[in-house]
Colleague: 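Got a structure for you, written out below as structure tokens; questions coming shortly.
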Amino acid sequence: MNNEELFKQIVAHAKEYGFIFPSSEIYDGLAAVYDYAQYGSELKNNIKQYWWKAMVQMHENIVGIDSAIFMHPTIWKASGHVDAFNDPMIDNKDSKKRYRADVLIEDYIQKIEDKINKEVEKAKKRFENFDEALYRQTNQRVVEYQKKIDDTTARMAKCLNDNDLAGLKALIEELGIACPISGTKNWTDVRQFNLMFSTQIGSLSEGADTIYLRPETAQGIFVNFLNVYKTGRMKIPFGIAQIGKAFRNEIVARQFIFRMREFEQMEMQFFVRPGEELKWFSFWKEERMKWHQALGIPAENYRYHDHEKLAHYANAATDIEFKFPFGFKELEGIHSRTDYDLSQHEKYSGKKLRYFDAETNESYVPYVIETSIGVDRMFLAVFSHAYTEETLEDGSTRTVLRFPAKLAPVKVAILPLVKKDGMPEKAREVMDILKPEMMCQYDEKDAIGRRYRRQDAIGTPYCITVDSDTLNDNTVTIRERDTMKQYRVPIDNLLNELLPKLR
Ligand code: GAP
């Protein structure tokens, strides 16, 4: 199965087993908007809790807030989003379809990369067959393709950096890129498209004001900096964290929940002394990677991507990239944002946003390190890594979601072996002991093997079976999802046995 097919299966599994549904499906859906279903919302909540505990509960100098989605419109002027939160778009005049100009070029580059991969495969075969002349020819083609990729990438980056929209259009035309729908090259000019959604606050008769749905949660932290610092008696260095919805009118909606129009972020702004920001940037770069790896997903699935070209307000930035089924892509951003945001808000609000440092007897605008991760992207990382299809020793197959136990939506399934002889009643007793402590599911329908498979497919790490021996000796069988090993445990010991495994 290639990666594209695998990804399709993952998306289908997420729907079929109650993790993620397309939004408004009975009305044919809404592009790039999704609903989290019964198991999806559990998994998502567990991811958020895992982050909140690591960031807020485990750091004495970080507190959490929950600011409103609607904010004063001047905030977005101060932050630069009104003027510069844009993507370059282009329309095909025949199909009337709109594209992100840079994505059209990236897709073109991807096609050349696919060609390179094919050539490399051919070269391997020719090498094995000692077909030296043909091997050289293939290698030569790879070199040419690679040069084309490098030249195109460099030209695109230059156009984007220089805001050269005419240059982007010229590049699309020179490369001969056609609209995938109409097949024509009849393009409009490239224009900038602001990604913020706007709406009206107040009734129109009162002269309603335009406000924006926040495109990041970070600004809600910056504008509360002074309130939190004073009321929380915070001492630098300290952090403010929050989890919340963000909205972006993405032009290109694809790759499932990787790029959505309504999504959730988990962000933390860490306020430090000017001059100490790069030390703290390195600290958070490492700390966040440790957080990811503590989940048990092997390290080779993560990598840093340090930004060479920095935003004007940043003096260091890196992404933690994850190996999604469609390749390594950004999962989290860590940015050293200098004093840009607080200074801008000082300027636009006219209020002093300073910290008085009793140690140095100075008052200053703190510098900021930001860690920012999308909940939905984290969900996709965990879900796609967990999805496994296995062939068992007896030749049968099973689909299993190997979630880390602490993130699994259902921790334990309680299954009476048969639906009679007092087993359902006993199973309900076990359920009553466990359910105040963990998410449990009771299931008595179908043969036990089918019930195990159902639990595998939603990633339940433990199944507990109540059988005829249970009624005599008060023990149950625990079946582990990953190893499928089974062992007996007294009901009185169940909590002691399970709780440490789920922590
Ligand atoms: N406050 C900084 C900020 O918003 P960003 O790189 O634009 O930085 C941070 O976004 C994270 O939010 C990304 O690493 C990604 O995980 C997530 N994210 C951004 N846009 C998204 C989208 N359209 N859909 C889902 N997640 C998104």
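Quick caveat: nothing in here was measured; it's all calculated off a predicted structure. Both counts, for ligands and for their atoms, begin at 1 and track the order of listing.
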Colleague: Just which atoms of ligand 1 are under 4.0 Å from any heavy atom in E216?
Modeller: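 Heavy-atom distances to E216 below 4.0 Å select 1 (N), 2 (C), 3 (C), 4 (O).
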
Colleague: Tell me, which protein residue and heavy-atom name are nearest atom 9 (C) of ligand 1, and how many Å apart are they?
Modeller: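 It is S372 OG, 3.0 Å.
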
Colleague: Regarding ligand 1, does G374 bring an N or O atom to under 3.5 Å of one of the ligand's N or O atoms?
Modeller: yes

Colleague: Can F225 and F271 be said to form a ring pair (Phe, Tyr, Trp, His ring centres under 6.0 Å), step by step?
Modeller: CA-CA 9 Å; F225 160 74; F271 300 91; 4.8 Å; yes

Colleague: Looking at atom 14 (O) of ligand 1, what's its closest protein heavy atom, distance included?
Modeller: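 The closest heavy atom on the protein side is E330 OE2, 2.6 Å.
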
Colleague: Check D456 with R481, please: is the shortest side-chain N to carboxylate O separation under 4.0 Å?
Modeller: no

Colleague: Taking 4.0 angstrom as the limit, do E390 and R398 come out as a salt bridge?
Modeller: yes

Colleague: Just to confirm my output: which protein heavy-atom neighbour is closest to atom 10 (O) of ligand 1, and how far is it?
Modeller: Q265 NE2, 3.5 Å

Colleague: Going by heavy atoms, is R337 under 4.0 Å from ligand 1?
Modeller: yes

Colleague: Any nitrogen or oxygen of E250, side chain or backbone, less than 3.5 Å from one on ligand 1?
Modeller: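 E250 vs ligand 1: N/O contact under 3.5 Å present.
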
Colleague: Any non-hydrogen atom of D376 lying under 4.0 Å from ligand 1?
Modeller: no

Colleague: Do NZ/NE/NH1/NH2 and the carboxylate oxygens of E362 and R273 come within less than 4.0 Å?
Modeller: no

Colleague: Is L331 close to ligand 1, meaning an N/O of one under 3.5 Å from an N/O of the other?
Modeller: yes

Colleague: Report yes if some N/O of E267 lies less than 3.5 Å from some N/O of ligand 1; otherwise report no.
Modeller: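 Right, the criterion is met.
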
Colleague: Taking NZ, NE, NH1 and NH2 as the nitrogens, is one of them in D83 or K77 under 4.0 Å from a carboxylate oxygen of the other?
Modeller: yes

Colleague: Which heavy atom of the protein is the closest neighbour of atom 5 (P) of ligand 1, given with residue, atom name and distance?
Modeller: R248 NH2, 3.9 Å

Colleague: Can you tell me the protein heavy atom closest to atom 15 (C) of ligand 1 and the distance?
Modeller: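 So the nearest neighbour among protein heavy atoms is R377 NH1, 3.5 Å.
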
Colleague: Checking a contact table here: which protein heavy atom is nearest atom 24 (N) of ligand 1, and how many Å away?
Modeller: M260 N, 2.9 Å

Colleague: Would you call K285 and D306 a salt bridge, using N to O less than 4.0 angstrom?
Modeller: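 Yes, charged N to carboxylate O under 4.0 Å.
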
Colleague: Using a strict cut-off of less than 4.0 Å between a Lys/Arg side-chain nitrogen and an Asp/Glu carboxylate oxygen, indicate whether E262 and K245 qualify as a salt bridge.
Modeller: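 Yes, E262 and K245 are salt-bridged.
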
Colleague: Does D151 come within less than 4.0 Å of R155, counting only side-chain N to carboxylate O?
Modeller: no

Colleague: State whether D319 and R303 are salt-bridged, where the test is any N-O pair (Lys NZ or Arg NE/NH1/NH2 against Asp/Glu carboxylate O) under 4.0 Å.
Modeller: no

Colleague: List ligand 1 atoms under 4.0 Å from F258, heavy atoms only on the residue side.
Modeller: 24 (N), 25 (C), 26 (N)

Colleague: Return the residue, atom name and 0.1 Å-rounded distance of the protein heavy atom closest to atom 2 (C) of ligand 1.
Modeller: E370 OE1, 3.1 Å

Colleague: Measure the distance from atom 26 (N) of ligand 1 to every protein heavy atom, then report the residue, atom name and distance (to 0.1 Å) of the closest one.
Modeller: F263 CD1, 3.5 Å

Colleague: Do the side chains of R288 and E332 get close enough for a salt bridge, i.e. N-O under 4.0 angstrom?
Modeller: yes

